[in-house]
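Worksheet for the structure shown next.
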Amino acid sequence: MLKSILFLFTVFICWNGRAQEPKPEVKQINIVYGGTFTKDEKQYPGAAIFSKDERQVQFEHEGADLWCDIAIYYQKENRLKAIGNIKLQQGDSVQLTSSKIDYDGNLNLAKAWENVVLNHTSMTLTTDTLRFDREKQEAYYEHNGTVVDSSNTLTSKIGRYFTQLKKSQFLQSVNLVNPEFNLVSKQLDYYTESKNAYLYGPSTITGETYKMYCERGFYDTKIENGYGIKNTRIDYNNRIITGDSLYFDKKTEFASATNNITIRDTINNGLIRAHYAEVYKAKDSVFATKRAVSINLVEQDSLYMHGDTLMVTGKPEQRILRAFRNAKFYKTDLSGKCDSIHFNQKTGITELITNPIIWNGENQMTGDSIHLLSDLETEKLDSLKVINNAFIISLDTVGKVGYNQAKGKDLFGKFIDNKLSLIDLVKNTEVIYYMYNDDQELIGIDKTICSAIRMTLANNEIEDITFITNPDGDIFPEKELPENSRLLKGFIWRGKERIMTKDDIFDEDDNNIKLVTIRGVDNPIDLDVEPEEAVEDERKRDSINSSKLLPPNPLKKIEPTKKDQQKKEPKAIVSETKADVRYEEGAKENGLDAGYYLIANVFEVKENYEKFIKSLTKKGLEPKHFLRNFNQYHYVYLERYNTWEEALQSRNSNFNGKYLDETWIFRVLDK
């Protein structure tokens, strides 16, 4: 029993000790030099007024010194108002100058306005109004600011600067100017030491010889090197490259792309699609693989060319296209395959190399080597050459019981109006041809040998055959010609391999390619900080930005009457508010009371707003949320107020110093 009592007594003492742990001591603002002292109880009740004499007034607070011409000091409240030629010095590296400052010693929070300049090491920030949280070492502005360092000049409407990280976070209308390029973005983070920029939202980087667009990415502004991983595009050396992920390096004149790539040749109007590609500007070359296909317009008909690897080299008007391994091509009425394809724009010759085969309609043609020649002026198909062991086969389309065949040493074809119209077979030619009368009755099978043969085609079918020089053969009745005599030596029918559509140029491996995962699209990409800190920044950036600017005259319909103003003197911070406060209004949502809600963030994804609420709760806040039917977004708010003035005062005081990130006001209407 005694042990139990002693145990409970010990627990009580420990609990009580923790419950009564003293809060961190708030340090008082110290007067270093007061100059001339006065008081004005009517205008500044409870305040001591210090004015400069031969030297400026000076105060000190927690390692920072403040100099000014006039200081209105509220000792009991531990705050002061500084006016005129202000300098706030923190250590050797941080200096803030302005015309006016409100400083709260309890919160370590300074609000500076009028000609504000913040200097930190090699960085200078200028703006009209700046809030500086000395506890978090963060500075924040929302009415346009400029950051200048040794390399770049950055401007934005809203921004935050972190002194410990030497990092700027720009949240709206960002413009980065560098002697070599210009960067415009909706949101970006920038580090003054590394000169690295992390891009969030639509961003365009324009250099002398390139233009890059992305909606999420990274750029090293020192060496003009970076990547995009969302809706990316590079305009580079007469080519437009798009893809899920793009990398660019100015120094090596190199760009690469991954997943769902298109590369458009703006001069020749050619197109390459693939899932991995590299572009070398100095060599004027493109390398593409993973379901790679080249698409070119030939006489109003697209020519598709595929290989395990595609390579395009050469200057404009002199391009050379190579398709390596398992090469195939397709266009209407003409398709083919071989080991590799070589196209030379300057000569207009397309070579099919190693085991080539082409199909023209129902006609199958093979040989040791096949060349397609284009007219250099019209860029239309002009002629066809099959060199050595030329063999042409087509299924007997009437009886469908045999094959029409012709072979010779070489074959020469002529295209007219984009159709193969004439074929000449030369040297040691042989023919087997099924002949029909006008009633489509089989007359017999022509089997002939001669020196040369000319075939005329119509609609991709053999219409007429002319034997040239000493033909030797006969027309045999079907019953008199044995099956084994109806095939020429070397006959191989490959009809099942015929490429019937543009999709047939891809085999099973091409169609089953697993795309690599592009990292960072849904996760932080910031490599200049620890992963945990990058996650926190990512959370802040998840806002939908669905708020809008205040209506033209919002205060007119809700401003207090003169009697109300006389009863309660408005705080100075409200009267200093600018007209471009973010504001939105809407009808009642899910039983919400009418009033003014101080919004901290807006989320489209439920999991994200839940994480955000947890993080605020850990900081001692009591956030709430509602779901708008209008846009299905989750609105997280800090507090609801009955009047505009109350909400505006809370916003301008950063929720009484408890929440320093951006907030805005949402009004729920009575009706």
Side-chain angles (χ1 to χ4, degrees), residues 333-336 352 355-373 381-495 498:
D333 298 330
L334 190 67
S335 62
L352 279 64
N355 300 319
I357 179 172
I358 63 173
W359 291 272
N360 176 244
E362 300 294 330
N363 302 306
Q364 169 188 300
M365 286 173 271
T366 57
D368 291 352
S369 178
I370 298 178
H371 294 179
L372 291 165
L373 287 78
L381 281 175
D382 178 77
S383 55
L384 163 71
K385 291 182 180 180
V386 181
I387 311 300
N388 291 331
N389 298 311
F391 207 130
I392 179 169
I393 306 171
S394 64
L395 180 67
D396 170 24
T397 57
V398 179
K400 299 187 184 299
V401 294
Y403 297 90
N404 296 316
Q405 306 154 59
K407 61 180 292 188
K409 182 178 183 298
D410 301 320
L411 181 152
F412 302 96
K414 181 67 176 178
F415 289 91
I416 300 175
D417 295 330
N418 206 35
K419 293 183 180 295
L420 187 59
S421 300
L422 292 173
I423 292 178
D424 287 324
L425 274 165
V426 298
K427 297 181 181 179
N428 304 321
T429 61
E430 300 179 57
V431 170
I432 292 179
Y433 186 71
Y434 287 73
M435 302 184 67
Y436 293 85
N437 60 22
D438 293 340
D439 296 327
Q440 300 298 302
E441 296 173 340
L442 182 63
I443 299 173
I445 302 172
D446 188 340
K447 188 172 183 180
T448 302
I449 298 173
C450 66
S451 297
I453 301 171
R454 166 163 288 190
M455 291 183 285
T456 304
L457 287 78
N459 298 320
N460 297 319
E461 293 185 3
I462 298 174
E463 186 178 61
D464 185 48
I465 298 179
T466 302
F467 300 102
I468 303 171
T469 312
N470 302 321
D472 180 14
D474 203 350
I475 299 175
F476 296 89
E478 183 180 11
K479 294 180 180 180
E480 295 182 10
L481 190 64
E483 291 286 342
N484 59 3
S485 298
R486 299 181 188 181
L487 299 177
L488 297 176
K489 185 178 180 181
F491 174 92
I492 299 176
W493 176 245
R494 298 167 63 182
R498 181 180 169 189

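- Judged purely by distance below 3.5 Å, without hydrogens or angles, the side chains of Asn389 and Lys409 never pair a donor atom with an acceptor atom.
- In this view, Phe467 satisfies the ring pair (Phe, Tyr, Trp, His ring centres under 6.0 Å) rule with no residue, not counting sequence neighbours.
- Within a 6.0 Å sphere centred on CG of Asn388, heavy atoms belonging to other residues, nucleotides or ligands number more than 12.
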For residues 470-481, please give each side-chain donor-acceptor pair under 3.5 Å, one per line with the distance, not counting sequence neighbours.
none

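- Each of Leu373, Leu334, Asn360, Ile370 was checked for a side-chain contact (heavy atoms from CB on, under 4.5 Å) with Leu384, and the lone residue meeting it is Ile370.
- A side-chain donor-acceptor contact under 3.5 Å links Asn437 to the backbone of Asp439.
- Under the 3.5 Å distance criterion, the side-chain polar atoms of Lys407 are matched with a main-chain donor or acceptor of Lys489.
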For this session: Test side chain to side chain contact (heavy atoms under 4.5 Å, CB included) on Tyr433 and Ile465 and set out the steps.
Result: CA-CA 9 Å; Tyr433 186 71; Ile465 298 179; 3.6 Å; yes

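- The backbone N or O of Ile492 lies less than 3.5 Å from a partner atom in the side chain of Gln364, making a donor-acceptor pair.
- Applying the ring pair (Phe, Tyr, Trp, His ring centres under 6.0 Å) rule to Phe491 yields the partners Tyr403; only residues at least two apart in sequence or on another chain are considered.
- More than 12 heavy-atom neighbours from other residues, nucleotides or ligands sit within 6.0 angstrom of CZ on Arg498.
- Here the options are Leu488, Leu411, Ile357, the test is side-chain contact (heavy atoms from CB on, under 4.5 Å), and the partner is Phe391; only Leu488 passes.
- In this structure, the side chains of Thr448 and Ile453 stay at 4.5 Å or more apart for every pair of heavy atoms.
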Exercise. Can Lys414 and Ile423 be said to form a side chain to side chain contact (heavy atoms under 4.5 Å, CB included), step by step?
Worked result: CA-CA 7 Å; Lys414 181 67 176 178; Ile423 292 178; over 6 Å; no

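- Across all non-hydrogen atoms, the minimal contact from Ile449 to Glu430 is CG1-CG, 4.0 Å.
- Partner of Tyr434 under the side-chain contact (heavy atoms from CB on, under 4.5 Å) criterion, chosen from Asp446, Asp396, Leu395, Ile443: Asp396.
- Summarising the geometry, atom OG belonging to Ser451 is positioned 7.5 Å from atom CG belonging to Asn428; distances are rounded to the nearest 0.5 Å.
- The CG atom of Asp333 lies 10.0 Å from the CG atom of Leu420; values are rounded to the nearest 0.5 Å.
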Problem set entry | Verdict with supporting geometry, Gln405 and Leu487, side chain to side chain contact (heavy atoms under 4.5 Å, CB included) | CA-CA 8 Å; Gln405 306 154 59; Leu487 299 177; 3.8 Å; yes

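- In this structure, Asp464 CG and Met455 CE are separated by 11.0 Å, a value rounded to the nearest 0.5 Å.
- With rounding to the nearest 0.5 Å, the separation of CG in Leu422 from CD1 in Ile416 is 5.5 Å.
- Looking at every heavy atom in both residues, Cys450 comes nearest to Ala452 through SG-O, 3.1 Å.
- Contact detail for Leu425 and Ala406: the closest heavy-atom pair is CD1-CB, 3.3 Å.
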